[in-house]
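Structure record follows, encoded as structure tokens.
From a predicted model like this one, the values you see are computed outputs, not experimental measurements. The sequence lines fix the lettering, A, B, ..., with proteins before strands; numbering per chain opens at 1. Values reported hereafter were calculated over all heavy atoms of this structure, with side chains retained and with hydrogens, waters and symmetry mates removed.
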There are 2 protein chains.
Amino acid sequence: MSDAPTEKGRATRARIVEGAAEVLREQGVAFTTLDDIRGRTGTSKSQLFHYFPGGKDQLLLAVAQFEADRVLEDQQPHLGRLDSWESWRQWRDAVVERYELQGDHCPLGSLFLQVGRSGPGARAIVTGLMRQWQEQLARGMRALQANGLVPSDLDVDRTAAALLAGIQGGVTIMMSTGDSSHLKAALDTGIEHLRTAGRTEGSGGNRCGTDGAPPWP
Amino acid sequence: MSDAPTEKGRATRARIVEGAAEVLREQGVAFTTLDDIRGRTGTSKSQLFHYFPGGKDQLLLAVAQFEADRVLEDQQPHLGRLDSWESWRQWRDAVVERYELQGDHCPLGSLFLQVGRSGPGARAIVTGLMRQWQEQLARGMRALQANGLVPSDLDVDRTAAALLAGIQGGVTIMMSTGDSSHLKAALDTGIEHLRTAGRTEGSGGNRCGTDGAPPWP
DNA sequence: TGGAAAATGGACCAGCAAGTCCAGAAATTC
DNA sequence: GAATTTCTGGACTTGCTGGTCCATTTTCCA
């Protein structure tokens, strides 16, 4: 995938991707031209097409992959060690901080709307990112189960999917409104759900359980 | 806002907005030109600029408002009557169906990335939509509280915000991956949370409550 | 050292799409 | 029914932007 015969070539290619990512984060993909990228990275037109023969689309795809990798990296080491309530809290704070710092432009979101359904490439990047992210969340939940902090009958995969969706939506809303409260609400409610889920049947007596609410499969 | 001196004018303007919305939903904003819209709506360039002197941006903004209105309309009448578990289930199904039908293009999402932070107009549309949506969810939760189906100490606003974020993210993920399971998970988990929330303190004895989990304000 | 391959610079091209303009048709008003 | 306003058609302009091309320099390797 990343063909770079010489050392200098690899460096230049990396510089292009990183610089392009910067510009795209600042201006948004819709308002970014190859000349902007060229200017920022101190390269010439021919270099851009030398390293990305597929043109702008290929470059955008490379940037998308670059950003996708960053997403999970920026949540480490917390995301990898979600085995206690404290670690979950630290992870939550890391996520909030990361996206509050990022400002009001979602690199990936906009990237994919531009690249669109152009081939399986773009879709594969998002799909892969989502899968890994959700897997790590699920693993964390299972760690809680193993430690007896979460009931073992919790549907981990579904809960992880819901939490991931909440984060995603919280970020989306923040990008549009500039307000991070939805992201926080999604994270906190999602984590709170871990502490309360599965405790409605067979526990206390009074207002629990079956008020006609179906579990609807 | 919508100045249309004569009847024919209003009709034409409406036809343009609706036709543009169709094209945008099909092709995505990045790949839609004014000529596409012109072709679809059977109008001429001059009409486009006659009714939208602000050019493409103004037209896109009008379409955005049009789509934003549709979002809430398509959830009625369920969204307005969320006072029983059954009505919540019906609403959930309506949301899933609406977005599954919509296919793989989010009109609003892409629209705002194109129009971007161009003036307060775009942002106001999203903000207003989110506020109304969340308000209706919160009202539904309060109705459940009034009927004794949900504990009264539930933080309705935060829970509604989280649910909204989950929907938003579920839709986003569905647009990128083509899979609606995240949307369903977010909806089901969010509603399930209503049935279990606030029941962790003071109910059963064993694995509930304070295992070192902070409520972190 | 010398030739091949890679890397770079930048002028140039072509097409497209937003926006302009004006003439003419329709309709509203008096 | 004439005048004024609104509405419509479509050719034209113009600027931008992705992409091409080739000359030149640098690096690699034998």
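Between dC7(D), dT20(D), dA7(C), one nucleotide has an atom nearer to the side chain of H50(A) than all others, and that is dA7(C). Distance from the side chain of F49(B) is smallest to dT20(C) among dT20(C), dT8(D), dG9(C).
Atom CD in E18(A) sits 10.5 Å away from atom CD in E67(A) (nearest 0.5 Å).
Taking atom CZ on F52(A) and atom P on dG18(D), their separation rounds to 15 Å, with Å as the unit. Distance L48(A) CG to dC21(D) P: 17 Å, rounded to the nearest Å. When rounded to the nearest whole Å, the span between CD of E7(B) and P of dA27(C) equals 12 Å. Remark: C1' of dG18(D) and CD of Q47(A) are 17 Å apart, rounded to the nearest angstrom. The CZ-C1' distance, from R38(B) to dG10(D), rounds to 8 Å in whole Å. The CZ atom of R10(B) sits 14 Å away from the C1' atom of dA27(C) (whole-angstrom rounding). Taking atom NZ of K8(B) as the reference point, atom P of dA26(C) lies 7 Å away to the nearest angstrom. Here dT17(D) presents its P atom at 7 Å from CG of D36(A), a figure rounded to the nearest Å.
Centroid-to-centroid, the aromatic rings of W85(A) and W88(A) stay 6.0 Å apart or farther.
Within a 6.0 Å sphere centred on CZ of R15(B), heavy atoms belonging to other residues, nucleotides or ligands number more than 12. No more than 12 heavy-atom neighbours from other residues, nucleotides or ligands sit within 6.0 angstrom of CD on E97(B).
Residue-to-nucleotide proximity on DNA chain C shows that, of L34(B) and S46(A), the 5′-proximal contact is made by S46(A).
Between the side chain of K45(A) and the base of dG19(D) there is at least one donor-acceptor pair of N/O atoms closer than 3.5 Å.
Using a 4.0 Å cut-off, some side-chain N or O of Y51(B) falls inside it from OP1 or OP2 of dT8(D). For the OP1/OP2 pair of dC28(D) and a distance below 4.0 Å, the side-chain nitrogens and oxygens of T6(A) include at least one atom meeting the criterion.
Electrostatic pairing of K184(A) and E100(A) counts as a salt bridge here, judged by a charged N lying under 4.0 Å from a carboxylate O.
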